[in-house]
Amino acid sequence: MVADSQSSYWTKTTDPFISTGSEGIPQRMDVIVVGGGLTGISAAYHLSRAGRQVMVLEAFDVGSGASGRNGGQALNGWPLDMRQIRERYGNDTAQVLWRFSEEALSRFVQIASDEEIVCDLQQVGHLDAAWTESDVLRLQEEQRVLAALGKQTEWWSKGEIWDRVGTSLYLGGIYDNACYQVNPLKFVQGLAKAAERQGAKIFCFAPVMAIDREPTGYRVRGQKFVSHAKEVILATNGYVPSFAHWVRSQLWSVASQVVVTDPQKGLLPEMMPTVSDSSQEYHYFRLVEHGRLLFGGRPPILPKIARMFPQMAQVPRAFEWEGRVAISWDGLPHFGRTPGGYWFAAGYTGHGVVLSTALGQLIAEAIAGKPVETSLTNVLGSTITRRPFSRRWRAR
């Protein structure tokens, strides 16, 4: 069977998004959101609930970027280990960031429930796996830091990982039962429908060419439209438009590839947590329906599957796709105002399903007048401190 490389597995298993709006793009709104991924749709949803007139302008379709094309792992925590966060910012800030991530995951699940979003959300837990002996030591220290923050996890030995995941390459790892897997495209499209029910207007295939400051706010220009708003949010992450020079300078956009195999029977455990590891290629994988293996990371993927799961080497791949992931210079996502005055959020560094939804809400609340906790603005505020990239994201 030849893999479908033109669209993702999620696209093939999700109905197309059809906006309920039929009128033309309005000339004036309270808030204009540029980008129809999780950050932008979440911001629109929460602003609409707060009574603001909101419009989303998306260059392609809702969830067409990483928001609807990722591995579907809904996790707590951050791209950096909490050990690194505590060393860099101190224990008090680490406590704030950990609490924020746990609340973000809880809100993610609650939104899916409240809005009756059918997105294959399932609590399967997550394994952060050790590739080398040094990774074992690092993760054991990470587990101690998590315990100090009040988070209890399990340590899985190499044998337990073989029994529960089906690979012998990992030496151990931290298992967190609180994490989920999700169909990310179904979630972002479901959230978009919920935003529309609250009054948000969503326009697809409406690329923005410029955001200009004006005395009463901003002018947003496209090829066939001009609209004005008091506030604008740029929510494009790995697909920052060319006019947003400052945001582009804060990020590094890298390729990530995902493969989904044909259904298999008896080659892997019937139930598996979502998994990611600390290898240089940053593997992440999980099961989807009918026992298909979804495996992602830096391309090419097929040799990695054969190495990780020799028993799966002859199972044909059914889907294969690539996309861009936005990596921040300091390994954490950021939000705030650009030098041009409009809002942005970006740099999820491969950990964006839950955090992008949360930062969209955070910006919405800031626009609505709710103060943002100082520790969050100090760490995740606009300017990104340039630090060496994690080895897992360095270009080859």
message = If we ignore hydrogens and angles and just use 3.5 Å, is the side chain of S67 paired with the main-chain N or O of G37 as donor and acceptor?
response = no
message = I'd like to know whether Y282 forms a side chain to side chain donor-acceptor pair (under 3.5 Å) with S256, so could you lay out the CA-CA distance, the side-chain angles of the two residues, the decisive distance to 0.1 Å, and finally the verdict.
response = CA-CA 10 Å; Y282 186 54; S256 184; over 6 Å; no
ask   = What are the two closest heavy atoms between I301 and G296, and how far apart are they?
value = CD1-C, 3.7 Å
inquiry  = Do F100 and L80 land in one hydrophobic cluster if side-chain heavy atoms of ILVMFWY residues count as linked below 4.5 Å?
reply    = yes
ask   = Does any donor atom in the side chain of D176 or H126 lie under 3.5 Å from an acceptor atom in the other side chain?
value = no
note = Looking only at heavy atoms, the pair that brings G173 and L127 closest together is C-CD1, 3.8 Å
message = Let me check something: do W246 and V208 share a hydrophobic cluster, defined by ILVMFWY side-chain heavy atoms less than 4.5 Å apart, either directly or through other members?
response = yes
Salt bridge present between E115 and R197 (N-O < 4.0 angstrom) = yes
inquiry  = Quick one, R138 with E141, criterion salt bridge (charged side-chain N to carboxylate O under 4.0 Å, His left out). Give me CA distance, side-chain angles, the key distance, then yes/no.
reply    = CA-CA 5 Å; R138 176 184 62 82; E141 176 60 22; over 6 Å; no
task = Indicate yes or no: at least one non-hydrogen side-chain atom of F17 is less than 4.5 angstrom from one of I202.
result = yes
Heavy-atom closest contact (A206 atom, L57 atom, distance) = O-CB, 3.8 Å
Residues D135 and T132: side-chain donor-acceptor under 3.5 angstrom = yes
message = Could you list the cluster mates of I174? Members are the ILVMFWY residues connected by side-chain heavy atoms closer than 4.5 Å, either directly or through other members.
response = V136, L139, W155, L171
inquiry  = Could you see if L293 belongs to whatever hydrophobic cluster contains W162? Use Ile, Leu, Val, Met, Phe, Trp, Tyr and a side-chain cutoff under 4.5 Å.
reply    = no
query = Is the Lys NZ or Arg CZ of R107 less than 6.0 Å from the centre of Y45's six-membered ring, within 45° of the axis?
reply = no
query = Judged by modelled atom types alone, do T377 and T374 share a side-chain donor-acceptor pair under 3.5 Å?
reply = no
ask   = Hey, are the side chains of E322 and P299 touching, using non-hydrogen atoms and a 4.5 Å cut-off?
value = yes
Listed once per pair and sorted, the salt bridge (Lys or Arg N to Asp or Glu O under 4.0 Å) pairs that draw on residues 35-51, sequence neighbours left out = none
request  = Start with the C-alpha distance between L75 and H351, add both sets of side-chain angles, then the distance that settles side chain to side chain contact (heavy atoms under 4.5 Å, CB included), and finish with yes or no.
outcome  = CA-CA 8 Å; L75 315 178; H351 204 99; 4.0 Å; yes
request  = Identify, with sequence neighbours excluded, every residue that meets salt bridge (charged side-chain N to carboxylate O under 4.0 Å, His left out) alongside E231.
outcome  = R337
query = Taking atom NZ of K230 as the centre, does the number of heavy atoms from other residues, nucleotides or ligands within less than 6.0 Å exceed 12?
reply = no
ask   = Thinking salt bridges, do E320 and R317 make one under a 4.0 Å N-O criterion?
value = yes
task = Using modelled atom types only, decide if a donor and an acceptor are shared between the side chain of R298 and the backbone of Q257 within a distance under 3.5 Å.
result = no
ask   = Within the side chain of T13, is there an N or O that forms a donor-acceptor pair under 3.5 Å with the backbone of W10?
value = yes
request  = Answer yes or no: is there an ion pair linking E373 with R99, defined by an N-O contact shorter than 4.0 Å?
outcome  = yes
query = With ILVMFWY side chains joined below 4.5 Å, transitively, what does V118's cluster contain besides itself?
reply = none
ask   = Is any side-chain N of the basic residue among D212 and R219 closer than 4.0 Å to the acidic one's carboxylate O?
value = yes
request  = Answer yes when D120 and K186 have at least one side-chain N-carboxylate O distance shorter than 4.0 Å, and no when they do not.
outcome  = yes
remark   = So the ring pair (Phe, Tyr, Trp, His ring centres under 6.0 Å) pairs with at least one residue in residues 170-196 (sequence neighbours excluded) are F108-F187, W131-Y170, W156-Y175
task = Working to the nearest 0.5 Å, report the span between CG of L267 and CD of Q314.
result = 11.0 Å
ask   = Does atom CG of D163 have more than 12 heavy-atom neighbours from other groups under 6.0 Å away?
value = yes
query = Taking atom CD1 of I85 and atom OG1 of T93, what is their separation to the nearest 0.5 Å?
reply = 10.0 Å
message = Tell me whether R286 contacts the main-chain N or O of V182 through its side chain, where contact means a donor paired with an acceptor under 3.5 Å.
response = yes
task = Verify, without hydrogens or angle tests, whether Q361 (side chain) and A358 (backbone) share a donor-acceptor contact under 3.5 angstrom.
result = no
inquiry  = Set out, in order, the CA-CA distance, both residues' side-chain angles and the distance that settles side chain to side chain contact (heavy atoms under 4.5 Å, CB included) for V31 and V232, then state yes or no.
reply    = CA-CA 6 Å; V31 184; V232 171; over 6 Å; no
note = In short, side chain to side chain donor-acceptor pair (under 3.5 Å) pairs touching residues 233-242 with sequence neighbours left out are none
query = With no hydrogens and no angle check, is any side-chain donor or acceptor of T349 less than 3.5 Å from a backbone partner on I327?
reply = no
Donor-acceptor contact present, side-chain T357 to main-chain V353, <3.5 Å = yes
ask   = Going from CG on L302 to CZ on F295, what distance comes out if it is rounded to the nearest 0.5 angstrom?
value = 10.0 Å
inquiry  = With clusters defined by side-chain heavy atoms of hydrophobic residues (ILVMFWY) lying less than 4.5 Å apart, directly or transitively, does I161 cluster with V124?
reply    = no
note = Between A178 and K151, the two heavy atoms sitting closest are CB-NZ, 3.5 Å
key: Parallel, tilted or perpendicular, as decided by the 30° and 60° cut-offs, for the rings of W343 and F335   = parallel
ask   = What is the minimum heavy-atom distance between S42 and G360, and which atoms define it?
value = OG-C, 3.9 Å
inquiry  = In this structure, is the centre-to-centre distance between the rings of F285 and F309 below 6.0 Å?
reply    = yes
ask   = Is there a donor-acceptor pair under 3.5 Å between the side chain of R28 and the backbone N or O of A229?
value = no
inquiry  = Can you confirm whether the side chains of H228 and T216 place a donor and an acceptor under 3.5 Å from each other?
reply    = no
inquiry  = Give me the atom names and distance for the closest heavy-atom approach of A66 to R324.
reply    = CB-O, 3.8 Å
inquiry  = Side-chain heavy atoms nearer than 4.5 Å, only ILVMFWY residues, links allowed to pass through others: does that put M308 and V315 together?
reply    = yes
message = For A104, is there any backbone N or O sitting under 3.5 Å from a side-chain donor or acceptor partner on S106?
response = no
inquiry  = Which residue is it: I18, L185, V56, V188? I am looking for the one with a side-chain contact (heavy atoms from CB on, under 4.5 Å) to V62.
reply    = V188
note = Taken to the nearest 0.5 Å, the spacing of L38 CG from L359 CG works out to 11.0 Å
ask   = Do T153 and Q143 meet the criterion of a side-chain donor-acceptor pair at a distance under 3.5 Å?
value = yes
query = Is it true that a side-chain atom of E214 and a backbone atom of G217 form a donor plus acceptor pair closer than 3.5 Å?
reply = no
query = I32 and Y218: side chain to side chain contact (heavy atoms under 4.5 Å, CB included), yes or no, with the steps?
reply = CA-CA 9 Å; I32 294 175; Y218 302 89; over 6 Å; no
task = Decide yes or no on side chain to side chain contact (heavy atoms under 4.5 Å, CB included) for S8 and F319, but give the supporting numbers first.
result = CA-CA 6 Å; S8 74; F319 299 88; over 6 Å; no
remark   = From the list I117, L121, V288, T14, side-chain contact (heavy atoms from CB on, under 4.5 Å) with N183 holds only for T14
key: Pair Q181-Q73, side-chain donor/acceptor within less than 3.5 Å   = no
